[in-house]
Amino acid sequence: MTELRELVKSGDVRAVARAISLAESGGPEAEELLAALYPRTGRAYLLGITGPPGGGKSTLADCLIAHYRAQGLKVGVLAVDPSSPFSGGAILGDRVRMQKHATDPGVFIRSMGSRGHLGGLALATADAAKVLDAAGYDIIIIETVGIGQSEVEVSGQADTTVLVTVPGLGDDVQALKAGVMEIADVYAVNKADRDGVERAAAEIGQLLAVRDMDEQTWMPPIVQTVARDGTGIADLAGAVERHRRHLAEGGRLEARRRERVRREVRSIITSRLDDWAESKLTGDVEAREDLEALYDKKTDPYAVAGTVLKELEIDNGG
Ligand SMILES: Nc1nc2c(ncn2[C@@H]2O[C@H](COP(=O)(O)OP(=O)(O)O)[C@@H](O)[C@H]2O)c(=O)[nH]1
Ligand SMILES: [Mg+2]
């Protein structure tokens with residue numbers, strides 16, 4: 001374990017891969033490793049790329065890898081797909097899209113699929129990012145599919161989040177409005193080689209214009225890109241850089257990171273509580289008796305939950 005930790009710190013690629021696998025499976029060894037690495041984290045910049053499937057997130061990530069590599073920065077990529085258990089088609093696609101960097105020692109690409117519940121994936125992603133951070137990667141790109149509310153949890157893990165849209169989504173802009181828009185710091189209207197790019201950009205602009213603003217509020221830039229040929233990538237990276245500088249002022253980055261790690265603690269607690277509740281209801285003799293009584297309508301769900309929760313000194317909802 002000590003050896004693995006030292007190898008990760010030295011940036012050893014195979015150790016990084018092993019550490020991420022360990023973090024994914026969880027357990028005491030993983031926690032020990034992550035605890036040892038935690039003080040070394042905080043140097044990397046976390047860049048989230050989210051948006052609907054097929055929007056060009058992986059292709060954009062590929063362009064950004066090239067951009068940052070040209071500046072001599074080490075880049076880690078976590079391609080997260082909640083719908084793919086490990087080696088699903090989308091993840092395979094991500095790999096292919098970033099293939100040309102596969103042999104570059106300054107680039108580490110990892111796919112993360114759903115194991116169990118989404119909260120678990122979000123935690124595993126955060127932990128994988130910490131491993132990469134401690135290993136000395138300067139920029140960590142986290143690609144997530146962001147279409148519903150639940151994905152916000154995963155994409156909320158970045159310092160700067162780029163929301164990728166494409167022309168002709170139409171109604172999807174309304175869906176974006178519902179939740180994902182809140183988390184976007186930069187908009188990339190990708191596939192700008194297609195018709196309707198101006199309209200798509202204007203629609204986002206209109207949605208942004210109705211928000212409450214003051215001088216302190218960050219106005220998310222809207223950048224047009226063609227990830228296929230790299231058009232607009234410098235603009236995109238420039239927009240990310242401006243946001244980064246905005247966060248650096250007045251302790252905003254620090255505040256954002258504090259909130260993130262606080263939420264992380266909360267999801268660790270929530271996920272443990274969930275496991276605990278499940279094991280209580282399946283293993284505890286009294287709880288099972290209560291459940292039988294519940295099935296016979298002799299008690300009610302709140303009463304059963306209340307009895308179980310007494311052990312944790314958690315009151316009823318009132
Ligand atoms: N026409 C066009 N196609 C693109 C562009 N960017 C990506 N694509 C294509 O869109 C498809 C999906 O891209 P991908 O990066 O896998 O999307 P992801 O699912 O969001 O990661 C691929 O066939 C890409 O080649 C672009 O700017 N213009
Ligand atoms: Mg992808």
Side-chain angles (χ1 to χ4, degrees), residues 46-68 75-102 107-114 118 121-122 124-125 128-129 139-148 150-152 154-155 157-158 160-170 172-173 175-176 180-181 183-201 204 221-240:
L46 271 57
L47 176 57
I49 302 185
T50 191
K57 299 181 298 298
S58 298
T59 317
L60 274 175
D62 184 62
C63 295
L64 288 170
I65 294 171
H67 178 89
Y68 291 122
V75 186
V77 182
L78 300 171
V80 186
D81 190 342
S83 64
S84 308
F86 309 145
S87 53
I91 277 180
L92 208 63
D94 292 339
R95 288 253 148 161
V96 170
R97 235 70 83 199
M98 296 180 262
Q99 194 67 50
K100 62 173 174 277
H101 301 288
V107 178
F108 185 96
I109 300 171
R110 173 73 170 226
S111 307
M112 319 253 319
S114 186
L118 190 75
L121 181 59
T125 305
I139 305 275
I140 300 169
I141 297 176
I142 304 176
E143 176 189 337
T144 55
V145 182
I147 28 169
S150 53
E151 286 80 5
V152 173
V154 179
S155 48
Q157 290 179 335
T160 297
T161 297
V162 175
L163 178 57
V164 180
T165 62
V166 292
L169 276 185
D172 287 12
V173 172
L176 291 176
V180 192
M181 279 200 93
I183 55 126
D185 302 305
V186 174
Y187 289 86
V189 183
N190 191 42
K191 308 200 182 184
D193 51 329
R194 290 194 183 166
D195 288 342
V197 59
E198 297 296 339
R199 205 181 128 202
I204 295 167
I222 305 164
V223 183
Q224 299 182 14
T225 57
V226 183
R228 228 177 214 176
D229 64 12
T231 304
I233 296 308
D235 290 348
L236 179 60
V240 170

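Start at 1 and go down the list; that is how both ligands and their atoms are numbered.
Contacts with ligand 1 closer than 4.0 Å are made by side-chain heavy atoms of Asp193 only, the backbone lying farther away.
Leu60 pairs with exactly one of Val226, Ile141, Val164, Ile65 by the side chain to side chain contact (heavy atoms under 4.5 Å, CB included) rule, that one being Val164. For the side chain to side chain donor-acceptor pair (under 3.5 Å) test with Asn190, the passing option among Thr165, Thr225, Thr59 is Thr225; the others fail.
Short contacts between ligand 1 and Pro52, defined as distances under 4.0 Å to a heavy atom of the residue, involve ligand atoms 20 (O). Short contacts between ligand 1 and Lys57, defined as distances under 4.0 Å to a heavy atom of the residue, involve ligand atoms 15 (O), 17 (O), 18 (P), 19 (O), 20 (O), 21 (O). Numbered from 1 in the order shown, with element, the atoms of ligand 1 that lie under 4.0 Å from a heavy atom of Thr59 read 7 (C), 13 (O), 14 (P), 15 (O), 24 (C). Contact atoms of ligand 1 toward Val226: 27 (O) (distance under 4.0 Å to a heavy atom of the residue).
Using a 4.5 Å heavy-atom cutoff, the side chains of Ile183 and Thr50 are in contact. Val75 places none of its side-chain heavy atoms less than 4.5 Å from the side chain of Ile109. Using a 4.5 Å cut-off on side-chain heavy atoms (C-beta onward), Lys191 and Pro167 make contact. Using a 4.5 Å cut-off on side-chain heavy atoms (C-beta onward), Ile49 and Leu64 make contact.
Taking any N or O of Ala227, backbone or side chain, at least one lies under 3.5 Å from an N or O belonging to ligand 1. Inclusion of Gly56 in the set of residues having an N or O under 3.5 Å from an N or O of ligand 1 is warranted. Residue Thr225 places no N or O, backbone or side chain, under 3.5 Å from any N or O of ligand 1. For ligand 1, the polar-atom distance check finds no N/O of Ala192 at less than 3.5 Å from any of the ligand's N/O atoms. For ligand 1, one of its N or O atoms has an N or O atom of Asn190 under 3.5 Å away.
Between the Mg ion (ligand 2) and the N, O or S atoms of Glu143, the shortest distance is to OE2.
In this structure, Glu143 contributes its side chain and Val77 its backbone to no donor-acceptor pair below 3.5 Å.
Inclusion of Ser58 in the first shell of the Mg ion (ligand 2) is supported: an N, O or S atom falls under 2.8 Å.
Contact analysis leaves Gly51 out of contact with ligand 1, as no non-hydrogen atom separation drops below 4.0 angstrom.
Taking CD1 from Ile233 and NE2 from His67, the interatomic distance works out to 9.0 Å, rounded to the nearest 0.5 Å.
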